[in-house]
2 protein chains.
Amino acid sequence: MATSRTLEPTPAPATACCAPLTGAPLSAEAAAALARTLKAVADPARLRLLSLIATHEGASACVCDLTGPLGLSQPTVSHHLKVLTEAGLLTREKRGTWAYFTLVPRALDALAAVLSSRTPGNAPA
Amino acid sequence: MATSRTLEPTPAPATACCAPLTGAPLSAEAAAALARTLKAVADPARLRLLSLIATHEGASACVCDLTGPLGLSQPTVSHHLKVLTEAGLLTREKRGTWAYFTLVPRALDALAAVLSSRTPGNAPA
DNA sequence: ACAGGACATCGACATGCGTCGATGAAGAGG
DNA sequence: CCTCTTCATCGACGCATGTCGATGTCCTGT
């Protein structure tokens, strides 16, 4: 629904950037944004997808490589991959007939940093 | 449905303990357990609850302290606190008429550690 | 004993979400 | 040109979940 069409594939910037969570009370907007990203990860199928892609050769895999291990239909896998991509956790690259999905390196770490009380120390890169 | 009834209030031990996620493919059971804990956190109201309790004096708060800032009804807040408690993220302590909720120190960090590719290095304690 | 406050539970409602089969679009190959 | 494979989208179904008002339980204070 929304207004009309969301053409941008990644409206959410992976995470609310930097909210310690245990440091200061979250605003309603920050909580909603963070929850949206967390909801993308809080699913068994999507967790396994992230894990499968991460451990795959080259850290990238196509849909046909994932339907088997997951035991889900191709449309369902495609749907989950879209959710993860829109959450900023995966990138899609079309190579000929195949679509290869690669996980965004820093995305999961950023999400983890928000949850933990942290002290990130230094910028990783 | 599961089998029948889960009488134990905390069936999930906060997290699947130690699953790098980006290290080896998750099993269906591990993914389900991890998703169950993540689902408890993937909610705006519950994220704000965690944040409010963490930043509260003594890192513990009663229900009456939380309904106001959240803007939700008392039964709803009580429900969310129950979900967080059953996920192993909060502990409930009844003091007289009031019920004080405190967040389990290591729980969020453990969850964050599973998400990030990490390198735990040393036990944080 | 009685009244009042704090919290949990119950039942109900609306919405969201995961899953599938069927169909459509895009490219590779004979 | 035609066919086959790969993937995305559509429509639909059923279950899970967030929210509330009403009610019940426990404790405190008069």
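Reminder, nothing fancy here: chain letters follow the sequence lines and each chain counts from 1.
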Pull out every protein N or O sitting under 3.5 Å from an N or O of nucleotides 22-24 of chain C, one pair per line with the distance.
none

[atom1] of [X] to [atom2] of [Y]: how many Å apart, nearest 0.5 Å?
| X | Y | atom1 | atom2 | value |
| --- | --- | --- | --- | --- |
| A/Leu115 | B/Asp109 | CG | CG | 9.0 Å |
| A/Leu50 | A/Leu81 | CG | CG | 9.0 Å |
| A/Leu21 | A/Leu34 | CG | CG | 7.0 Å |
| A/Leu108 | B/Ser116 | CG | OG | 8.5 Å |

Which ILVMFWY residues are connected to [X], directly or by a chain of links, through side-chain heavy atoms under 4.5 Å apart?
| X | result |
| --- | --- |
| B/Tyr100 | B/Trp98 |
| A/Val104 | none |
| B/Val83 | none |

Worksheet item: Which ones in residues 58-72 of chain B lie close to DNA chain C, meaning a heavy atom under 4.0 Å from one of its atoms?
Response: B/Cys62, B/Val63, B/Cys64
Worksheet, complete the sentence: Partner of B/Leu49 under side chain to side chain contact (heavy atoms under 4.5 Å, CB included), picked from B/Leu103, B/Leu72, B/Val77, is B/Val77
Starting at atom [atom1] of [X], determine the distance to atom [atom2] of [N], rounded to an integer number of angstrom.
| X | N | atom1 | atom2 | value |
| --- | --- | --- | --- | --- |
| A/Leu84 | C/dG18 | CG | P | 10 Å |
| B/His80 | C/dC7 | NE2 | P | 16 Å |
| A/Leu81 | C/dG18 | CG | C1' | 14 Å |
| A/Lys82 | C/dG18 | NZ | P | 13 Å |

Run the side-chain hydrogen bond (donor to acceptor under 3.5 Å, both in side chains) test against [X] and tell me which residues pass, sequence neighbours left out.
| X | value |
| --- | --- |
| A/Arg46 | A/His80 |
| A/Thr97 | none |
| A/Glu57 | none |
| B/Thr91 | none |

Practice prompt. Please list all pairs passing the side-chain hydrogen bond (donor to acceptor under 3.5 Å, both in side chains) test where one or both residues lie in residues 59-73 of chain A, with sequence neighbours left out.
Written response: A/Ser73-A/Thr76
Fill in: Closest to side chain of B/His79, choosing from D/dG18, C/dG18, C/dC20
D/dG18
Item to complete: Ignoring the backbone of A/Ser78, work out which of D/dG21, D/dT9, C/dT19 is nearest its side chain.
Response: D/dT9
Worksheet entry | Interface with DNA chain D, restricted to residues 38-53 of chain A and to heavy atoms under 4.0 Å | none
Worksheet entry | Interface residues of residues 94-104 of chain A with DNA chain D (non-hydrogen, below 4.0 angstrom) | A/Thr97, A/Trp98, A/Ala99, A/Phe101
Practice prompt. Kindly say if A/Ser73 contacts the phosphate of C/dC20, meaning a side-chain N or O under 4.0 Å from OP1 or OP2.
Written response: yes
